[in-house]
*Asks:* 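My structure is below; once you've seen it, I'll send some questions.
Naming: A, B, ... by sequence-line order, numbering from 1 per chain.
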Number of protein chains: 2
Amino acid sequence: MSAHASEQISHPSRAELELGAVLHALSDPLRLKIVAELASCESSTCGSIKLPVTKSTCTHHFKVLREAGVIYQRQRGTSRLNSLRRDDLEARFPGLLDTVLHAAHPRRKLQPA
Amino acid sequence: MSAHASEQISHPSRAELELGAVLHALSDPLRLKIVAELASCESSTCGSIKLPVTKSTCTHHFKVLREAGVIYQRQRGTSRLNSLRRDDLEARFPGLLDTVLHAAHPRRKLQPA
DNA sequence: CGCTCACTACGACGATCGTCGTACAATCGC
DNA sequence: GCGATTGTACGACGATCGTCGTAGTGAGCG
């Protein structure tokens, strides 16, 4: 009983992104790990990232990231595909994501291209 | 009754800086404002930055920033001089401070030099 | 159909956060 | 000395946070 069964997940628009919310979302080690993971594999399901917490907590963290505008979630069958909102983040806060990612894992190169 | 009456304020060493703590410190709008202010004037006292909170709260925020390693505090007479730990931040998390500052106030130029 | 899988929603819990007021300490100028 | 100024320390408060468990939804497969 839904429109298209895949597009009722709410995301903030690019213009709605708030620095405070993004920084807060990234200030948690678990969420930072999720973001780092997402940055290396193009996109993945919630379950494909192994975290030392229960599923509910996992859902919670993905929700925080989504509501801060850091990630985009798309329903795909029974699972949910997550991807970084690189373009939107770059447009509103240039360099922020790469800088934070690099600070978190100094081994990765700052600008992939 | 103190050693030198001016150097018992504890600061984390450069190596001790943690990304999570720094991001958390910067995720509060008031603290972000303090940091932005400190970035424009070389250094200033706690009272010289006008904030819509009481003195205790102000002290609290400066303490959070100091303990995260974002600012350095030095006693100077009855007041306390605050300055950004630009070099240490740059060494541990290259570009982070400038990126966040620029994201907070897009009008400022990214790299002053 | 019924079962499993992937995930969400809701309520609970202790911990931390941001705020405040009061009380206190140290320095400066009179 | 006294008082004013600048800031800290401590305790309190409500709000939010991170975590969990339980229950539920919806897609896919036998």
*Asks:* Name the residue from A:Arg66, A:Arg31, A:Lys33 that meets the side-chain hydrogen bond (donor to acceptor under 3.5 Å, both in side chains) definition with A:His61.
*Replies:*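 Looking at A:Arg66, A:Arg31, A:Lys33, the match for A:His61 under the side-chain hydrogen bond (donor to acceptor under 3.5 Å, both in side chains) is A:Arg31.
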
*Asks:* For the backbone of B:Ser44 and the side chain of B:Asn82, can you confirm whether one donor and one acceptor N or O come within less than 3.5 Å of each other?
*Replies:*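 Here the side-chain-to-backbone pair exists.
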
*Asks:* Between atom CZ in A:Arg76 and atom C1' in C:dC5, what is the gap in whole Å?
*Replies:* 15 Å

*Asks:* Write down the distance between CD1 (A:Ile71) and P (C:dC7), rounded to a whole number of angstrom.
*Replies:* 12 Å

*Asks:* It should be established whether B:Thr59 places a side-chain nitrogen or oxygen under 4.0 Å from OP1 or OP2 of nucleotide D:dT8.
*Replies:* yes

*Asks:* Please tell me if B:Arg80 has a side-chain N or O lying less than 4.0 Å from either OP1 or OP2 of D:dT6.
*Replies:*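 For D:dT6, OP1/OP2 do not have a side-chain N/O of B:Arg80 under 4.0 Å.
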
*Asks:* Could you check how far CD of A:Gln75 sits from C1' of C:dC7, rounded to whole Å?
*Replies:*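 Taking atom C1' of C:dC7 as the reference, CD of A:Gln75 is at 8 Å.
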
*Asks:* Enumerate all atom pairs, one protein N or O and one N or O from nucleotides 17-20 of chain C, separated by less than 3.5 Å.
*Replies:*
from, atom 1, to, atom 2, distance (Å)
C:dG18, OP1, B:Arg31, NH1, 3.4
C:dG18, OP1, B:Arg31, NH2, 2.8
C:dG18, OP2, B:Arg31, NH1, 3.2
C:dG18, OP2, B:His60, NE2, 3.4
C:dT19, OP2, B:His61, NE2, 2.3
C:dC20, OP2, B:Thr54, N, 2.8
C:dC20, OP2, B:Thr54, OG1, 3.4
C:dC20, OP2, B:Thr57, OG1, 3.1

*Asks:* From CG of A:Asn82 over to C1' of C:dT8, roughly how many Å is that when rounded to an integer?
*Replies:*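 Nearest whole value for this atom pair: 13 Å.
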
*Asks:* Determine which pairs satisfy side chain to side chain donor-acceptor pair (under 3.5 Å) with at least one residue from residues 20-30 of chain A, sequence neighbours left out, and list them in order.
*Replies:* none

*Asks:* Considering residues, nucleotides and ligands other than B:Arg76, do more than 12 of their heavy atoms fall under 6.0 Å from its CZ?
*Replies:*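 No.
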
*Asks:* Does A:Asp87 pair with A:Arg14 as a salt bridge, N-O distance under 4.0 Å?
*Replies:*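 No, no charged N to carboxylate O under 4.0 Å.
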
*Asks:* Does B:Thr78 make a side-chain donor-acceptor contact with the base of D:dG7, cut-off 3.5 Å?
*Replies:*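 It does not, because no donor-acceptor pair links the side chain of B:Thr78 to the base of D:dG7 below 3.5 Å.
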
*Asks:* Nearest whole angstrom, please: distance from the C1' of C:dT8 to the CG of A:Leu65.
*Replies:*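 Value for this atom pair: 16 Å.
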
*Asks:* Does any donor atom in the side chain of A:Thr59 or A:Ser56 lie under 3.5 Å from an acceptor atom in the other side chain?
*Replies:* no

*Asks:* Send over the distance from B:Lys63 NZ to D:dC10 P, rounded to a whole Å.
*Replies:*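 Distance, rounded to whole Å: 8 Å.
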
*Asks:* Whole-Å distance between C:dA26 P and B:Leu81 CG?
*Replies:*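 Rounded to the whole Å, the gap is 20 Å.
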
*Asks:* Work out which heavy atom in B:Leu89 is nearest to a heavy atom in B:Leu17; give both atom names and the distance.
*Replies:* CD1-CD1, 3.7 Å

*Asks:* Figure out the CD1/P separation between B:Ile9 and D:dT8, and round it to whole Å.
*Replies:*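 Spelled out: CD1 on B:Ile9 to P on D:dT8 is 8 Å.
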
